[in-house]
Student: 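I'd like to ask you about the structure that follows.
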Amino acid sequence: MKDTIRSLDVARIRQDFPALNERVHGRPLVFLDSAASSQKPIQVLSALDQAYRTSYANVHRGVYYNSERTTDLYDQAREKITRFIGAPAPENVVFVRNATEALNLVAYSYGRHFLQAGDEIVLTELEHHANFVPWQVLARERGIRLKFIPLTPQGTLDLARLDELLTPRVKLVTFAHVSNVLGTITDPRPVIERAHAVGAKVVVDGCQAAPHMPVDVQALDCDFYALSGHKMLGPTGIGVLYGKTDVLEAMPPFMTGGDMISSVTFDSVTWNEIPVKFEAGTPAFVEAIALGAAVDYLAALGMDAVRAHEREVVAYAIERLTEVPGATIIGPTDPDIRGGALTFTIKDIHPHDLGTLLDREGVAIRAGHHCAQPLHVRLGLPATARASFYIYTELREIDALIEAIYKAKHTLRK
Ligand SMILES: Cc1ncc(COP(=O)(O)O)c(C=O)c1O
């Protein structure tokens, strides 16, 4: 058993997360499902509370104090996120509801405007449905061919196959920066360079990366980067689509209505400037302000320290799980290329049964296909169990997980 982590003061951090003090089934909560959604610190909860309790008013509409103040806070949140992901300017940061909406925005607006029959999209075998189904629907509708970067036996992308996939017909390449199932961290830079060399645009699904490691979209040179606020300490209902200026400007709006217009007459309409062109209607401005508080929190910890902490947790979890008879880790076992999600199976125990038995011990993990059914088909597994970690995860919680797995095996006599 280990009990120290050098990179973050986890005991201190945990004091900021009231939900971690809850008990379930009379036991202390061991929350190991942050890849699905993270817990929220008091700083984010009070940003939400403050925004509703004090100068609450709709943004962009009023000439009075409350509306101007809330608009300022909303603009500041966009600036914070701009800095956090290394975007060149706030105009490159579009607020959306979540990564799913960000990816749909690209598929509907960019995909339907710039892609046509005979074009090809390259994606990967490990994508979350959010970065798979929008392309599948587009492909069917327009006669576009989808091609997949296959996986190596270790669960990394087989980039040796990339050159043969990258024909001049490829107009778009997309992949998860970090897989929500395999935990695989893909270095985006070489893929982006090679995709750009054939003139393709690149969409990175950063949902499992942005909360956990430093991200610099300009250094990556991706055309789009999608993330969800609720996985990175922020509230639900707010996410971000980063896009390069020229691409966002060339794209038609996704949804239309209030705010996103510049002027409307009975027979004409012109669009507002980016990013507002893509933000029709009243935005989730309170949630955006709270996401600003979330990135303040993460930036103060330092994203290098966040990654170092999770690397240590995942390394320890791999070490401990490897000792368990019948346990199989799915995906890379090298913590240097594995994010903070550890997916596994236990011989002769269905992941749902395991999840239910672990819950009785207060240990919350996820069981199922984790919104990646094609990947599970490729793996030949109907379902898997996943324990996922974050800034507040302690090594003793990994011990609690292992102990609960042994107890489940004992209960089921496996
Ligand atoms: C890799 C990845 N992409 C996209 C998503 C979709 O995120 P959301 O449901 O917040 O839109 C998830 C959520 O689990 C994910 O893990």
Side-chain angles (χ1 to χ4, degrees), residues 31-40 44 81 85 94-108 123-137 148-149 151 155-157 173-186 188 191 202-213 215 222 224-242 254 284 287-288 290-291 294 310 314 330-332 337-343 364-376 378-379 383-390:
F31 184 75
L32 301 179
D33 194 21
S34 290
S37 202
S38 76
Q39 298 296 341
K40 317 301 171 200
V44 168
I81 291 145
I85 60 169
V94 180
F95 280 126
V96 288
R97 273 188 309 144
N98 47 36
T100 302
E101 185 174 307
L103 295 162
N104 272 278
L105 194 162
V106 182
Y108 276 87
L123 55 168
T124 86
E125 289 184 343
L126 57 66
E127 297 311 308
H128 186 283
H129 295 161
N131 198 33
F132 177 75
V133 181
W135 308 117
Q136 193 178 45
V137 171
F148 296 88
I149 305 175
L151 298 177
T156 57
L157 295 184
V173 174
T174 184
F175 58 95
H177 192 167
V178 175
S179 160
N180 65 312
V181 178
L182 304 172
T184 313
I185 303 173
T186 297
V191 184
V202 183
V203 185
V204 181
D205 174 0
C207 222
Q208 297 292 347
H212 304 286
M213 59 187 63
V215 169
C222 53
F224 298 100
Y225 197 92
L227 59 89
S228 276
H230 69 94
K231 293 185 197 281
M232 48 195 289
L233 311 182
T236 54
I238 188 77
V240 166
L241 174 69
Y242 159 79
F254 176 35
E287 290 75 4
L291 180 59
E310 286 185 26
V314 85
I330 313 296
I337 54 162
R338 180 133 204 164
L342 191 60
T343 301
I365 63 155
R366 183 149 288 236
H369 53 63
H370 318 293
C371 294
Q373 280 182 340
L375 171 61
H376 278 77
R378 177 61 75 243
L379 296 171
T384 49
R386 182 185 72 190
S388 56
F389 319 123
Y390 207 13

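This structure is a prediction, so every number in the text was calculated from the model and none was measured. Residues: numbered from 1 along the sequence shown. Every number for a ligand or one of its atoms is a count from 1 in the order of the listing.
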Student: Decide if the gap between the ring center of His369 and the ring center of His129 is smaller than 6.0 angstrom.
Tutor: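 When the ring centroids of His369 and His129 are compared, they turn out to be within the sub-6.0 Å range.
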Student: Is there a side-chain contact between Pro188 and Phe175 (heavy atoms, below 4.5 Å)?
Tutor: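 A side-chain contact exists here, since the closest heavy-atom pair is under 4.5 Å.
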Student: Out of the candidates Val314, Ile337, Ile185, only one should pair with Pro332 under the side chain to side chain contact (heavy atoms under 4.5 Å, CB included) rule; please name it.
Tutor: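 Single side chain to side chain contact (heavy atoms under 4.5 Å, CB included) partner of Pro332 among Val314, Ile337, Ile185: Ile337.
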Student: Show me the side-chain donor-acceptor pairs of residues 230-238 shorter than 3.5 Å, one per line, residues at least two apart or across chains.
Tutor:
{"from": "His230", "atom 1": "ND1", "to": "Ser37", "atom 2": "OG", "distance (Å)": "2.7"}
{"from": "Lys231", "atom 1": "NZ", "to": "Ala35", "atom 2": "O", "distance (Å)": "2.9"}
{"from": "Lys231", "atom 1": "NZ", "to": "Ala36", "atom 2": "O", "distance (Å)": "3.1"}

Student: Between Leu241 and Val106, is a side chain to side chain contact (heavy atoms under 4.5 Å, CB included) present by the stated rule, with each step listed?
Tutor: CA-CA 9 Å; Leu241 174 69; Val106 182; 3.7 Å; yes
Student: May I ask you to test the His376-Pro374 pair for a side-chain heavy-atom distance under 4.5 Å?
Tutor: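 Counting from C-beta outward, His376 and Pro374 never come under 4.5 Å.
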Student: I need the contact residues for ligand 1: any residue with a non-hydrogen atom closer than 4.0 Å to the ligand, ordered by chain then number.
Tutor: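 Residues within 4.0 Å of ligand 1: Asn98, Ala99, Thr100, His128, Ala130, Asn180, Asp205, Cys207, Gln208, Ser228, His230, Lys231.
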